[in-house]
Amino acid sequence: MTKKCAVAALLASVLMFSGVTSAQGASSGGSATIYGVIDVGMEYFNNAGRRGGSLLRLQSGGASTSRIGFKGIEDLGGGMQSFFQLEGGFLADSGDRSDPHSFFNRQANVGLAGSYGKVLIGRSESTTGDFSINDPLSNHYSWSGASTHMRGDRKDGILGRISNVVKYEGKFGAYRLGGSYGLGESAGSHASNARYSAGVQYLGGSVTGVLTFDRQNSKLAFPGYDQASNIQVSGSYAQALAKFFAGYRRYARHALTASKDVRSDFVWIGASYLMWPATTVSGAVYHVDLRNDPKGNNGTPTMYAMRLSYAMSAHTTFYATGAYAAASNSQPVGVSNAVNSYSESGAQAGINIGATHRF
């Protein structure tokens with residue numbers, strides 16, 4: 001059976017299961033939902049790749065990651081519910097899976113929810129990923145979370161999705177609390193390859209704030225280092241038609257030997273403004289201070305990004321995003337989060353025009 005046939009068979013099975021679950025839900029208090037996002041656009045940027053030159057391509061996920069998912073809940077009585085979620089990312093420009101080794105690379109979990117909050121097990125976003133929302137762009141042309149495109153081969157990103165995870169989240173008044181622990185599953189050492197994160201978020205009327213911490217233990221993912229960690233604080237303030245954002249994130253890769261830790265200090269500020277009922281303009285500035293890189297990729301790159309979004313309906317949005325990034329001493333830098341598309345000349349400009357449909 002080919003990979004395409006296997007994917008088709010799996011989706012057909014899930015769709016049949018969802019239909020059965022929905023039918024049963026009428027009498028048992030359960031329900032299932034199919035949902036997704038399709039995001040694709042035309043992207044152009046200069047100084048692309050190691051040889052330079054411009055690049056024009058279709059790009060999936062310019063404003064939001066393309067995905068398809070299945071989720072359901074069942075009422076257990078006494079204020080308790082069980083739930084499940086399966087979600088896989090895909091590339092809308094080609095139809096391929098975003099992770100060729102996984103059907104449901106984004107979510108694959110089951111859990112219980114009640115007045116105390118919810119607990120799930122399986123694969124899911126880390127608490128850092130769940131709580132990091134104070135960025136007006138926060139996807140393709142953004143450095144607040146993922147930064148693989150920031151300096152060539154540097155990968156100073158937050159802890160994202162975790163496999164083998166046990167996760168808790170609860171809301172108490174205006175506060176949201178969470179924690180997640182990914183089992184390393186290494187014989188002889190519970191700490192080896194373990195991943196964990198925790199966060200607290202304040203959700204006020206016009207002010208929001210979040211503080212998160214995450215750590216990943218892995219000698220294989222970071223040769224020569226045994227841990228990578230982030231501490232992040234960010235907030236937003238809404239006033240009339242405008243909303244303002246600011247954040248700081250410190251990334252550190254801890255060395256096994258006496259050599260210095262690799263470190264990055266990220267700072268960003270931004271704003272969004274509702275120009276008309278369906279039109280929003282957003283912009284942000286990202287600045288990074290890179291230190292102690294063993295390959296000498298230190299420096300202070302900066303990126304300026306802006307997006308114009310027009311909501312055609314509750315489901316369909318058109319957008320245009322532009323960005324410019326520059327690094328000192330002609331070090332590698334890029335505006336796109338795609339692999340091998342960064343510039344070797346120390347500067348790059350890009351634009352992405354596309355559409356997002358949610359269902």
Side-chain angles (χ1 to χ4, degrees), residues 3-4 6-15 17-18 21 32-41 59-73 82-111 113 118-133 135 137-140 142 144-149 155 157-169 178-183 185 195-197 199 212 214 216 221 230 315 317 336-339 354 356-359:
K3 290 184 177 179
K4 291 184 178 179
V7 172
L10 178 64
L11 290 179
S13 299
V14 175
L15 288 172
F17 171 77
S18 299
T21 306
T33 303
I34 303 173
Y35 67 92
V37 177
I38 302 175
D39 184 308
V40 65
Q59 174 68 23
S60 179
S64 184
T65 303
S66 297
R67 73 200 80 155
I68 185 169
F70 311 86
K71 59 183 178 181
I73 60 172
S82 64
F83 63 88
F84 79 90
Q85 186 174 12
L86 299 170
E87 184 178 291
F90 64 91
L91 304 178
D93 55 321
S94 65
D96 294 334
R97 287 176 288 167
S98 56
D99 182 351
H101 305 293
S102 173
F103 285 114
F104 299 111
N105 63 309
R106 296 177 59 85
Q107 303 280 348
N109 54 72
V110 63
K118 64 179 182 180
V119 177
L120 65 80
I121 56 174
R123 177 171 173 83
S124 185
E125 194 77 52
S126 70
T127 301
T128 299
D130 282 338
F131 284 21
S132 299
I133 61 172
D135 179 353
L137 300 181
S138 69
N139 200 54
H140 194 48
S142 168
S144 64
S147 55
T148 56
H149 53 299
K155 297 182 179 181
I158 63 172
L159 180 61
R161 284 171 287 276
I162 309 176
S163 296
N164 313 311
V165 70
V166 179
K167 185 168 75 170
Y168 166 79
E169 180 184 315
S180 48
Y181 178 75
L183 282 70
E185 299 188 346
R195 292 135 295 165
Y196 48 91
S197 66
T212 62
D214 63 66
Q216 179 176 0
N230 287 278
H315 301 282
T317 300
S336 169
N337 60 16
V339 178
T356 304
H357 181 78
R358 301 176 183 273
F359 61 91

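Only a predicted model underlies this, so the values are computations on that prediction, with no experimental measurement involved.
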Item to check | Side-chain heavy-atom pair Ile38, Phe90 within 4.5 angstrom cut-off | outcome: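 A side-chain contact under 4.5 Å exists here.
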To the nearest 0.5 Å, tell me how far [X] [atom1] sits from [Y] [atom2].
X      : Y      : atom1 : atom2 : answer
Ser124 : Gln85  : OG    : CD    : 7.0 Å
Leu159 : Thr127 : CG    : OG1   : 9.0 Å
Asp93  : Ser60  : CG    : OG    : 5.5 Å

Item to check | Identified side-chain hydrogen bond (donor to acceptor under 3.5 Å, both in side chains) partner of Glu87 from the options Gln107, Arg106, Arg161 | outcome: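 Among the candidates, only Arg106 passes.
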Kindly say whether [Y] contributes a backbone atom to a donor-acceptor pair with the side chain of [X] at under 3.5 angstrom?
X      : Y      : answer
Lys71  : Tyr35  : no
Asn109 : Arg123 : yes
Arg195 : Leu183 : yes

If we count only N and O atoms by modelled type, under 3.5 Å, do the side chains of [X] and [Y] hold a donor and an acceptor together?
X      : Y      : result
Thr128 : Asn230 : no
Gln216 : Asp214 : no
Ser142 : Asp135 : yes
Ser197 : Ser180 : yes
Thr356 : Asp39  : yes

Checklist entry - Under the side-chain contact (heavy atoms from CB on, under 4.5 Å) criterion, do Phe103 and Arg97 qualify, and how do the steps go? => result CA-CA 7 Å; Phe103 285 114; Arg97 287 176 288 167; 3.8 Å; yes
Next on the checklist: side-chain contact (heavy atoms from CB on, under 4.5 Å) for Leu120 and Val165? Distances and angles first, verdict last.
Outcome noted: CA-CA 8 Å; Leu120 65 80; Val165 70; 4.3 Å; yes
Checklist entry - Can you name the nearest heavy-atom pair linking Phe83 to Val119, along with the distance? => result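 Between these two residues, the closest heavy atoms are CZ-O, 3.8 Å.
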Next on the checklist: With side-chain contact (heavy atoms from CB on, under 4.5 Å) as the criterion, how do Tyr181 and Ile162 come out once you've worked through the C-alpha distance, each side chain's angles and the decisive distance to 0.1 Å?
Outcome noted: CA-CA 8 Å; Tyr181 178 75; Ile162 309 176; over 6 Å; no
Item to check | Parallel, tilted or perpendicular, as decided by the 30° and 60° cut-offs, for the rings of His315 and His357 | outcome: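 Ring orientation of His357 relative to His315: tilted.
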